[in-house]
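Since the structure comes first, as structure tokens, the remarks are kept for the end.
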Amino acid sequence: MERMQGDGELDHVERPSPLTDKEKVMIQDSWAVVFQSCDDAGVAILVRLFVSFPSSKQLFKDFKDIEEPEEMQRSIQLRKHAHRVMTTINTLVENLDDADAMASALKSVGRAHALRHKVDPKYFKILSGVILEVLGEAFTEIITAEVASAWTKLLANMCCAVAAVYEEAGWTKLSSSAE
Ligand code: HEM
């Protein structure tokens with residue numbers, strides 16, 4: 001059964017305060033460990049997303065009808081997307097001090113998902129929660145409450161930037177609420 005989810009309306013995305021230097025270091029240090037298992041961690045995150053929020057897999061033609069997590073894990077399309085998600089997060093982490101580089105990475109992700117893939121922006125918010133959940137479980141020693149709160153800020157910034165790109169691209173509530 002689908003877990004509860006936000007309504008994903010673009011005007012409800014609040015921009016968090018900027019990351020402090022201490023938070024940036026916590027993000028970089030924890031990511032250095034997580035990124036060593038880039039593909040495994042990425043697949044675990046996406047499988048959790050698609051199991052907990054089945055409506056989020058409807059746009060992936062190769063596995064939209066698959067329900068078994070073990071079978072999902074074997075999907076090349078899922079693995080490819082997991083890799084893309086993780087490498088984009090890596091770009092964000094590498095550019096925490098370069099707002100333009102971060103904005104440009106998120107602009108291309110936002111435009112592709114809004115215009116080409118027609119992904120409801122609410123899934124970016126949902127994915128952020130799933131990332132925190134899975135990393136918190138898999139890296140208990142590393143993702144302390146303080147580190148998790150720094151990540152929450154970074155992911156909220158990501159959702160905010162993506163929402164702004166969706167708005168710019170003319171995404172309408174009509175298509176975002178159709179479910
Ligand atoms: C941090 C978040 C995400 C990143 C960095 C990301 C990254 C990407 C990239 C780089 C592509 C290929 C883009 C292109 O066509 O030029 C892609 C494709 C796609 N993404 Fe995402 N994505 C994210 C979140 C999501 C979410 C939340 C969904 C939906 C639940 C989603 C659904 C799709 C779909 C349906 C495609 C096209 C099919 C495919 O390439 O397999 N993405 N994504």
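Counting convention: from 1, in listed order, for ligands and their atoms alike.
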Salt bridge (Lys or Arg N to Asp or Glu O under 4.0 Å) between E2 and K57, intermediate numbers included: CA-CA 12 Å; E2 181 110 350; K57 64 179 154 77; over 6 Å; no

Atoms in ligand 1 flagged as close to [X], the criterion being non-hydrogen separation under 4.0 Å:
X    : result
T88  : 5 (C)
F60  : 31 (C), 32 (C), 33 (C), 34 (C), 35 (C), 41 (O)
S56  : 30 (C)
L59  : 35 (C)
Q77  : 38 (C), 39 (C), 41 (O)
F124 : 2 (C), 3 (C), 23 (C), 24 (C)
Y123 : 27 (C), 30 (C)

Record the part of K57 in heavy-atom contact with ligand 1 below 4.0 Å; permitted values are side chain, backbone, both and neither.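 Answer for K57: neither.
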
Nearest to [atom], what protein heavy atom do you find, and at what distance?
atom                    : value
atom 8 (C) of ligand 1  : H113 CE1, 3.3 Å
atom 14 (C) of ligand 1 : R116 NH1, 2.9 Å
atom 29 (C) of ligand 1 : V119 CG1, 3.5 Å
atom 4 (C) of ligand 1  : V85 CG2, 3.7 Å

Mutual orientation of the aromatic rings belonging to H81 and F60 [parallel < 30°, tilted 30-60°, perpendicular > 60°]: perpendicular

[X]/[Y] ion pair, N-O < 4.0 Å:
X    : Y    : answer
D39  : R79  : no
E137 : R48  : yes
K153 : E146 : no

Kindly confirm whether atom 21 (Fe) of ligand 1 is within less than 2.8 Å of some N/O/S atom in H117?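 Checking H117: none of its N, O or S atoms is under 2.8 Å.
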
Non-hydrogen atom of K80 closer than 4.0 Å to ligand 1: no

Is M158 close enough to touch ligand 1? Criterion: a residue heavy atom under 4.0 Å from a ligand atom. yes

Counting the benzene-type ring for Trp, do F53 and Y123 have ring centres under 6.0 Å apart?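 Not close enough - the centres of the two rings lie 6.0 Å or further apart.
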
Aromatic ring proximity, centroids under 6.0 angstrom, Y166 and H113: no

Which atoms form the tightest heavy-atom contact between E23 and L19, and what is the distance?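 The pair with the smallest heavy-atom distance is OE1-CA, 3.4 Å.
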
Any donor and acceptor pair, going by atom type alone, linking the side chain of Q77 with main-chain N or O of D62 inside 3.5 Å? yes

Would you say the side chain of L106 lies within less than 4.5 Å of the side chain of V165, judging by non-hydrogen atoms? no

Out of H81, K125, R84, whose heavy atom is nearest to atom 40 (O) of ligand 1? R84

